[in-house]
Amino acid sequence: MARRRLIEAVNDALVEEMERDPKVVIYGEDVELSIVGDMRGLHDRFGHDRIRNTPICEATLTGMAVGLASAGYRPVLHMMFSNFIYTGMDAIANQMAKLRLMTGGQLELPITVIAGYGGGAANAAQHSDSGYPMLMNLGGINVLTPSTAADAKGLLKTAIRGRNPSFFLEPSGRGGDQGEVPDGEHLIPLGTASVRRTGDDVTLVAIGRMVRPALAAADALAEQGIGIEVIDPRTLVPFDATTLLASVAKTGRLVVVDEARECCSAASQIAALVAEHGFDSLRAPIQRVTTPNVAMPYAPNAEARIIPGEARIKAAVLAVVPGKSGAGAVRATATPRPGGA
Amino acid sequence: MGTTEFSVREPTAKEPTATEPTATELAGLYERMLLIRRTEERLSADSAAGKLPGAVHLYIGEEAVAVGVCAHLGDRDYVTSTHRGHGHYLAKGGDLRAMMAEIWGKREGICRGMGGSMHVADLSKGILGANGIVGAGLAIATGAAFGARLDGSGHVAVCFFGDGAANQGVLMETLNVSTLWQLPVIFVCENNMFSEFTPSHEVTAGRIADRARAFAMPTHEVDGNDVVAVWQAAGQAVERGRAGGGPSFIEARTYRIQGHFEAERFVLAGGRYREDAEIAEWRARDPLERLRARLMSSGELGPDTLGALDAQALQRVDDAAAFAEAGQPADPDLALTLMFAGAGE
Ligand SMILES: Cc1ncc(C[n+]2csc(CCOP(=O)(O)OP(=O)(O)O)c2C)c(N)n1
């Protein structure tokens with residue numbers, strides 16, 4: 001085991017995979033200096049043909065990934081903030097996600113796209129989205145949301161070696177989180193959840209950046225005698241329903257914490273899966289704790305109001321545990337709701 | 001004229017010619033540039049002191065571009081801006097106190113604390129907003145110019161964008177549609193030699209201004225650190241737009257003196273992307289100092305007047321910073337109530 005920061009583990013994975021396969025090529029805006037740290041040192045080590053800065057032109061960069069993969073390479077495209085996936089969206093939605101099927105299975109697109117997501121740093125609306133539900137909806141795209149250094153390394157290596165497009169989404173502001181990373185070749189199959197903590201009373205699913213506050217909430221509630229099982233899906237596509245349903249069969253209660261906006265969030269999909277396939281085990285309504293359907297405000301106090309945090313997670317858990325919230329199982333208004341027109 | 005009406009740009013009967021700014025106009029340009037400079041210096045200090053919630057991208061060294069262009073605009077002309085937008089906002093007449101409060105994340109902010117530094121906007125002044133998405137302003141300005149053309153109002157839309165943004169495909173698309181429809185839009189490329197930490201020449205082929213020439217668009221390449229040169233080119237472009245002569249393109253060559261954003265050294269972790277000597281070379285071409293020297297040597301403004309202007313700018317900035325600091329925290333519930341404007345009629 002080695003103690004690594006999450007961002008160092010990403011860097012380790014890239015070094016190992018570039019060493020292993022000369023077809024792995026990295027490109028993106030400002031990847032050479034690597035201000036996030038994940039690409040640090042790669043340019044010196046592998047040179048300009050293997051990693052290079054591009055112009056600002058996301059619509060072309062995503063399309064080029066499709067072409068480069070078609071030409072036999074394994075492109076790794078760094079898109080910086082996940083909001084810039086939007087500017088590159090056409091080739092993702094109309095090409096990357098679809099060409100495998102459209103060509104009758106002739107084409108393989110081993111593409112890895114890396115981007116950071118999430119709020120909490122006063123970066124405002126155009127730099128704070130957690131846009132993965134949009135990617136989940138496409139089909140044909142793997143969606144990876146690691147929350148630890150070890151998972152980041154293992155998932156990224158698997159994605160780069162894979163045969164399909166994968167989005168590897170880095171939890172913004174968590175790059176410095178340290179964790180133990182297994183020595184040697186460390187690969188994690190996509191679609192395997194991690195049970196981060198066991199418990200008998202409530203299943204708490206937490207995605208990516210939300211794992212940290214979920215674990216904090218679970219620890220705090222353990223002191224009140226509530227046993228919480230925290231499940232980190234690690235990948236949203238493919239999704240490990242087996243681990244989740246087994247947990248809900250045991251606990252009978254489900255709370256899902258997701259930083260994405262509520263409507264059609266990953267939490268919504270997970271709740272639907274359990275409602276369809278685990279209904280008989282449920283002893284309380286499913287709770288989603290998400291960001292409301294709004295743009296991320298700039299002011300830190302307004303941001304704190306809408307991003308799920310420990311307090312809202314605890315309230316949602318207490319709402320489904322009998323006797324803990326006063327009136328037994330009640331519906332928590334876990335996510336503040338905006339109006340509409 | 002049928003379907004070819006807008007498809008080929010015929011030179012208008014009278015091509016605008018460059019004029020010389022009067023002494024009063026020069027003093028106005030100086031005052032505005034000074035206000036931007038002092039504001040950005042204060043934001044730099046406040047950012048370093050950890051007082052600002054978010055990152056700030058500063059405009060120091062580039063003031064002549066925004067000021068030289070906006071001097072020709074009224075409140076009903078539009079501008080779109082970038083992530084480096086404080087200068088455009090102030091040059092276009094945006095309220096300084098409200099901008100400061102916005103950057104501090106306060107209730108009194110021009111966007112009520114919802115937008116922050118990268119999104120300062122004042123619709124009452126035609127400032128459609130700074131923007132966090134590189135290149136986004138190009139199409140927005142083109143759309144605003146379409147509106148102005150439909151209105152027949154003689155108003156124009158100016159799009160400020162960087163050399164980095166010039167590599168977004170939307171530049172080609174907006175050059176095309178604005179030429180085709182003869183829209184009163186003025187594309188102002190602020191070529192400050194960097195896209196974040198990448199030198200422009202590593203990611204930009206050819207001359208940016210040539211991209212507009214390919215559409216036979218009237219194109220001006222100017223020294224962006226010479227406010228008079230910018231002012232003259234913009235004057236012609238705005239006149240052309242108001243008179244129905246269609247779009248214009250200005251490439252202003254300048255330099256970003258500060259980092260891409262304040263505190264960049266923390267993320268660069270010792271990595272370098274430019275030499276100190278280069279920064280020093282450009283400091284010697286400081287647009288504010290150049291204008292000051294010109295005003296002094298021509299005797300148009302004496303040292304006393306210049307000193308008074310300096311003091312006045314500092315005082316305004318002090319006042320605005322104090323206003324921002326003393327402001328109320330933003331209303332956290334606004335995020336839940338502001339998303340929709342309510343039902344239509
Ligand atoms: C669509 C999009 N891609 C990438 C970024 C990240 N980014 C922010 S500023 C910047 C460089 C912009 O360079 P330029 O347009 O020359 O403006 P300057 O910063 O030099 O004023 C980049 C790549 C972004 N904000 N939006």
Side-chain angles (χ1 to χ4, degrees), chain A residues 28-37 40-41 43-44 48 52-61 63 80-81 83-84 86-88 90 119-128 175 261 291-307 335-341, chain B residues 52-55 83 102-107 109 111-119 131-136 162 164-170 195-200 202-205 260 264 266-269 271-273 329-344:
Chain A
E29 294 157 23
D30 262 319
V31 291
E32 292 175 22
L33 264 179
S34 185
I35 58 164
V36 196
R40 196 148 285 155
H43 192 255
D44 287 346
H48 200 56
R52 65 172 65 184
N53 287 347
T54 66
I56 307 172
C57 53
E58 292 84 8
T60 291
L61 302 181
M80 215 181 304
F81 285 88
N83 283 68
F84 312 153
Y86 301 139
T87 39
D90 173 60
N123 283 325
Q126 293 172 340
H127 286 74
S128 302
R261 277 184 283 272
T291 293
N293 254 40
V294 301
M296 193 67 76
Y298 166 71
N301 63 326
E303 231 185 344
R305 168 100 171 82
I306 69 161
I307 298 176
T335 299
R337 294 217 163 66
Chain B
L52 309 178
H83 53 285
E102 184 63 32
I103 297 168
W104 280 72
K106 297 298 177 73
R107 197 172 291 229
C111 303
R112 302 158 83 177
M114 297 295 106
S117 161
M118 259 194 292
H119 304 292
N131 208 305
I133 298 302
V134 169
N167 292 326
Q168 291 280 27
V170 67
S195 256
E196 285 188 355
F197 313 106
T198 306
S200 190
E202 288 181 18
V203 285
T204 307
H260 171 59
E264 72 173 21
F266 295 116
V267 295
L268 286 173
R272 292 193 59 83
Y273 64 97
D331 172 359
D333 283 331
L334 278 185
L336 300 171
T337 56
L338 273 184
M339 286 297 284
F340 289 96

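We name chains A, B, ... by the order of the sequence lines, and we start the count at 1 in each one. All values reported here derive from a predicted model rather than from experimental measurement.
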When B:Pro332, B:Gly105, B:Cys111, B:Ser117 are compared by non-hydrogen pairs under 4.5 Å with chain A, the top option: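 Greatest number of close heavy-atom pairs with chain A: B:Pro332.
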Top contributor to chain B interface from A:Asp30, A:Ile35, A:Val36 [non-hydrogen pairs under 4.5 Å]: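 Max contact count across the listed options: A:Asp30.
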Can you find a heavy atom in the side chain of [X] that is under 4.5 Å from one in the side chain of [Y]?
X        : Y        : value
B:Glu196 : A:Met80  : yes
A:Gln126 : B:Asn131 : yes
B:Asp333 : A:Arg305 : yes
A:Glu58  : B:Gln168 : yes
B:Thr204 : A:Pro55  : no

Backbone of B:Trp104 reached by a side-chain donor or acceptor of A:Tyr298 within 3.5 Å: no
Minimum-distance pair of heavy atoms, taken over all atoms of A:Ala299 and B:Ala330: CB-CB, 3.5 Å
Which atom of A:Ile56 lies closest to which atom of B:Ala165, heavy atoms considered: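 Looks like CD1-N, 4.3 Å.
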Which distance, rounded to the nearest 0.5 Å, do you find between the [atom1] of [X] and the [atom2] of [Y]?
X        : Y        : atom1 : atom2 : result
B:Tyr273 : A:Leu33  : OH    : CG    : 9.0 Å
B:Glu202 : A:Thr54  : CD    : OG1   : 11.5 Å
B:Ile133 : A:His127 : CD1   : NE2   : 6.0 Å

Over 12 foreign heavy atoms within 6.0 Å of CZ, B:Arg112: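 12 or below, so no.
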Atom group of B:Ala166 that falls short of 4.5 Å from chain A, counting heavy atoms: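 Nothing of B:Ala166, per the 4.5 Å heavy-atom cut-off to chain A.
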B:Arg272 portion near chain A, given a 4.5 angstrom heavy-atom threshold: backbone
Is [X] close to chain B through its backbone or its side chain, or both, or neither, when contacts mean heavy atoms under 4.5 Å?
X        : answer
A:Ala295 : both
A:Glu303 : neither
A:Arg52  : neither
A:Phe84  : side chain
A:Ile306 : side chain

